[in-house]
Amino acid sequence: QVQLVESGGGLVQAGGSLRLSCAASGGTLSSYTLGWFRQAPGKEREFVAAFYWSGSSTYYADSVKGRFTISRDNAKNTVSLQMNSLKPEDTAVYYCAADPAPYTIVEITAIYSYKYWGQGTQVTVSS
């Protein structure tokens with residue numbers, strides 16, 4: 001049973017940066033599909049970024065492309081999300097997710113594709 005724990009959330013001013021980390025136990029993330037999702041108050045959980053196929057390819061939601069970067073450290077069994085040029089609309093609870101299946105670029109954007117989820121970390125961007 002894989003357990004995921006996010007950290008790094010907080011309060012930041014618009015234009016600032018935050019780095020989220022997700023540490024895994026109970027499984028080796030190097031062979032997993034890994035993704036980040038977020039959920040703003042009153043909205044559905046949405047895809048942010050993910051690795052797919054062999055784990056070397058990345059895909060981003062249009063809303064974060066060019067500002068966010070997903071990375072992984074196989075030695076530390078972690079996946080991170082570097083968030084730059086943050087906007088108030090980025091305010092949400094951010095979740096990391098993992099699944100052992102080698103999903104396609106379409107499948108990685110779907111919530112139902114992921115078996116394991118972290119508890120979430122709050123990111124608040126003030127204007």
Side-chain angles (χ1 to χ4, degrees):
Q1 183 78 3
V2 174
Q3 292 186 330
L4 304 173
V5 179
E6 301 98 335
S7 61
L11 173 65
V12 64
Q13 289 187 330
S17 299
L18 280 176
R19 184 177 180 86
L20 306 182
S21 292
C22 176
S25 60
T28 303
L29 294 185
S30 60
S31 62
Y32 279 55
T33 294
L34 300 172
W36 284 95
F37 289 74
R38 65 186 182 186
Q39 188 167 16
K43 295 187 177 181
E44 294 185 351
R45 192 170 300 189
E46 65 176 7
F47 170 79
V48 175
F51 285 99
Y52 66 100
W53 280 121
S54 65
S56 60
S57 299
T58 57
Y59 184 68
Y60 297 90
D62 287 343
S63 59
V64 306
K65 198 174 298 181
R67 299 188 298 121
F68 291 11
T69 303
I70 188 172
S71 61
R72 65 200 301 168
D73 187 329
N74 291 335
K76 295 182 179 179
N77 215 26
T78 60
V79 58
S80 299
L81 186 69
Q82 178 66 42
M83 306 185 296
N84 299 328
S85 302
L86 283 162
K87 305 175 181 179
E89 51 263 44
D90 293 320
T91 295
V93 177
Y94 283 72
Y95 300 89
C96 67
D99 195 276
Y103 289 127
T104 66
I105 193 171
V106 174
E107 294 165 323
I108 59 170
T109 65
I111 294 172
Y112 60 76
S113 294
Y114 296 85
K115 182 176 182 179
Y116 303 108
W117 291 83
Q119 83 290 350
T121 185
Q122 176 70 47
V123 172
T124 303
V125 184
S126 63
S127 57

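Values below: all heavy atoms of this structure, side chains included; hydrogens, waters and symmetry mates excluded.
- Looking at residues two or more places apart in sequence or on another chain, you find a side-chain contact (heavy atoms from CB on, under 4.5 Å) between Gln119 and Val5, Glu6.
- Every side-chain contact (heavy atoms from CB on, under 4.5 Å) that Glu46 has, sequence neighbours left out, goes to Arg38.
- Of all heavy-atom pairs spanning Ser127 and Pro88, the tightest one is CB-CG, 3.8 Å.
- Minimum heavy-atom separation, Gly26 to Val2: O-CG2, 3.9 Å.
- The local environment of CD in Gln3 is sparse, with at most 12 non-hydrogen atoms from other residues, nucleotides or ligands closer than 6.0 Å.
- With sequence neighbours excluded, the residues forming a salt bridge (charged side-chain N to carboxylate O under 4.0 Å, His left out) with Lys65 are Asp62, listed by chain and number.
- Residue Asp99 holds its CG atom at 7.0 Å from OG of Ser113, rounded to the nearest 0.5 Å.
- Counting heavy atoms from C-beta on, the side chains of Val125 and Glu89 never come closer than 4.5 Å.
- Of the possible donor and acceptor atoms, none in the side chain of Tyr112 sits under 3.5 Å from a partner among the backbone N and O of Glu107.
- A distance-only check finds no donor-acceptor pair linking the side chain of Thr121 to the backbone of Tyr94 [under 3.5 Å].
- A donor-acceptor contact shorter than 3.5 Å is absent between the side chain of Ser80 and the backbone of Ser71.
- The aromatic rings of Tyr116 and Tyr32 lie tilted to each other, with the angle between the two planes from 30° to 60°.
- You'll find the side chain of Tyr114 reaches within 4.5 Å of the side chain of Ile108, heavy atoms only.
- By the 4.5 Å heavy-atom criterion applied to side chains, Trp117 and Ile111 are counted as neighbours.
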Next on the checklist: Show, in sequence, the C-alpha distance, side-chain angles and deciding distance for Leu11 and Gln122, and conclude whether the side-chain contact (heavy atoms from CB on, under 4.5 Å) test is met.
Outcome noted: CA-CA 8 Å; Leu11 173 65; Gln122 176 70 47; over 6 Å; no

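- In this view, Ser7 and Ser21 satisfy the side-chain contact (heavy atoms from CB on, under 4.5 Å) rule, not counting sequence neighbours.
- Across all their heavy atoms, Ala49 and Leu81 have their closest contact at CB-CD1, 4.2 Å.
- Within the 4.5 Å cutoff, no side-chain heavy atoms of Met83 are placed close to those of Trp36.
- With sequence neighbours left out, Asn77 forms a side-chain contact (heavy atoms from CB on, under 4.5 Å) with Ala24, Thr28, Leu29.
- Test Leu18, Asp90, Val93 against Val123 for side-chain contact (heavy atoms from CB on, under 4.5 Å) and you get one pass: Leu18.
- Here the CG-OG distance, from Asn74 to Ser31, works out to 9.0 Å after rounding to the nearest 0.5 Å.
- Residue pairs meeting the ring-ring contact (aromatic ring centres under 6.0 Å, His included) criterion with at least one partner in residues 56-91, sequence neighbours excluded, are Phe47-Tyr59.
- Summarising the geometry of Ala98 relative to Leu34, their closest heavy-atom pair is CB-CD2, 3.6 Å, with the distance given to 0.1 Å.
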